[in-house]
Each structure stands twice: as structure tokens, then as C-alpha cells.
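Inspection log for the structure reproduced underneath, given as C-alpha cells.
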Amino acid sequence: MNEKYNHIKINSYVIMPNHIHLILNISDFIGGASETAAPYNNEISKFISLLKRYSNRECGENLFQRSFHDHIIRNENDYLKISEYIETNVLKWKQIAFTTALIKSAVVFYALRK
């Protein structure tokens with residue numbers, strides 16, 4: 001994935017039992033914050049689709065729901081709030097199927113490093 005999307009970097013992520021949180025940094029944008037969504041909506045969708053397909057293929061099952069939710073981080077406060085949510089959200093999950101989550105986490109982690 002890194003070869004094809006070398007302009008997209010994963011700043012942080014957490015793999016949950018049934019979903020994943022990512023903060024992506026797209027490095028080659030020229031323009032202001034109000035223009036950010038249009039040029040990269042398609043690029044983010046392609047990146048997420050590739051991540052899902054690769055992870056599903058490696059694991060041999062569908063790990064993800066069909067859709068995904070994205071949010072444009074527009075300032076430092078927004079970034080800090082979302083980063084904290086990503087870091088602490090995993091602590092809120094009390095019932096985790098440890099073995100399944102571990103296998104899925106390893107597959108997704110491997111896909112993120114490709």
C-alpha cells in the first residue's frame with residue numbers, strides 16, 4: 001500500500017474488535033481547508049477500499065462493514081480531540097474476543113505496513 005499511496009501516511013491508528021480508527025495525513029494538497037474535501041474524497045475512498053480488501057483477503061473473511069465514516073481535521077484542537085478519542089476508545093471496550101481480535105489486528109497491522 002505504501003508504494004501506491006506514498007502521499008498518504010497513517011499518523012495514528014487503533015484496531016478495535018469490530019472496527020479501526022485511523023488518522024491519515026495527505027501530504028501533497030495545495031489549497032485551503034475549505035477545499036480539502038473535494039480533491040481527496042476519492043483518494044481516501046480508494047485507500048480505505050484497498051486496506052479493507054487486502055485485510056479481508058489475508059484473513060479469509062470480511063472484517064469490515066461496507067461503509068466508513070471520515071472527518072476532516074481542520075485545526076490542532078480537533079486533531080488533539082480525535083487523537084485522544086482514538087487512544088482512549090480501546091479502553092472502553094470491556095468484552096473483547098481476544099483471539100479473534102488478535103488475529104484480525106495482526107492482519108490489519110500487516111496490511112498497514114505493506
Side-chain angles (χ1 to χ4, degrees):
M1 287 181 58
N2 286 338
E3 295 99 28
K4 184 170 180 142
Y5 293 99
N6 60 1
H7 59 290
I8 298 177
K9 302 294 181 213
I10 299 171
N11 284 6
S12 62
Y13 68 93
V14 64
I15 302 167
M16 304 295 288
N18 65 351
H19 65 283
I20 184 170
H21 293 282
L22 302 167
I23 294 182
L24 303 176
N25 182 6
I26 302 173
S27 61
D28 63 350
F29 179 71
I30 300 171
S34 63
E35 304 172 72
T36 304
Y40 289 113
N41 271 346
N42 193 35
E43 198 70 3
I44 292 169
S45 293
K46 288 179 183 178
F47 178 82
I48 297 298
S49 177
L50 182 62
L51 171 65
K52 288 178 176 184
R53 281 184 311 206
Y54 182 83
S55 299
N56 289 344
R57 185 178 68 234
E58 289 296 310
C59 194
E61 65 178 286
N62 289 330
L63 303 174
F64 301 99
Q65 60 189 11
R66 290 183 59 174
S67 62
F68 70 94
H69 172 77
D70 62 350
H71 172 80
I72 298 171
I73 298 174
R74 299 195 183 273
N75 57 49
E76 186 176 359
N77 285 339
D78 202 15
Y79 179 83
L80 294 173
K81 184 174 98 178
I82 292 170
S83 293
E84 181 180 358
Y85 176 81
I86 287 174
E87 291 173 16
T88 60
N89 186 247
V90 71
L91 302 175
K92 295 176 186 174
W93 283 74
K94 301 212 189 268
Q95 298 175 343
I96 297 174
F98 181 76
T99 305
T100 303
L102 185 61
I103 291 169
K104 290 178 182 181
S105 296
V107 169
V108 174
F109 179 76
Y110 181 74
L112 292 173
R113 297 295 175 216
K114 283 279 230 175

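If you read the sequence from its start, that first residue is 1, and numbering goes on from there.
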Q. Of all residues at least two apart in sequence or in a different chain, which pass the side-chain contact (heavy atoms from CB on, under 4.5 Å) check with Ile82?
A. Ile23, His71, Ile73, Asp78, Ile86
Q | Counterpart residues, side-chain contact (heavy atoms from CB on, under 4.5 Å), relative to Arg53 (two or more places apart) | A | Ser49, Leu50
Is the shortest heavy-atom distance from the side chain of [X] to the side chain of [Y] under 4.5 Å?
X	Y	result
Ile10	Phe47	yes
Ile26	Glu43	no
Asn11	Tyr79	yes
Leu22	Leu51	yes

Q: Quick one: list whatever passes ring-ring contact (aromatic ring centres under 6.0 Å, His included) with Tyr85, sequence neighbours left out.
A: His21
Q: Can you see which heavy atom on Lys52 is nearest to which on Arg66, and at what distance?
A: NZ-O, 3.1 Å
Nearest-0.5 Å distance, [atom1] of residue [X] to [atom2] of residue [Y]:
X	Y	atom1	atom2	result
His7	Asn25	NE2	CG	10.5 Å
Ile72	Ile44	CD1	CD1	7.0 Å
Leu80	Asn75	CG	CG	9.0 Å

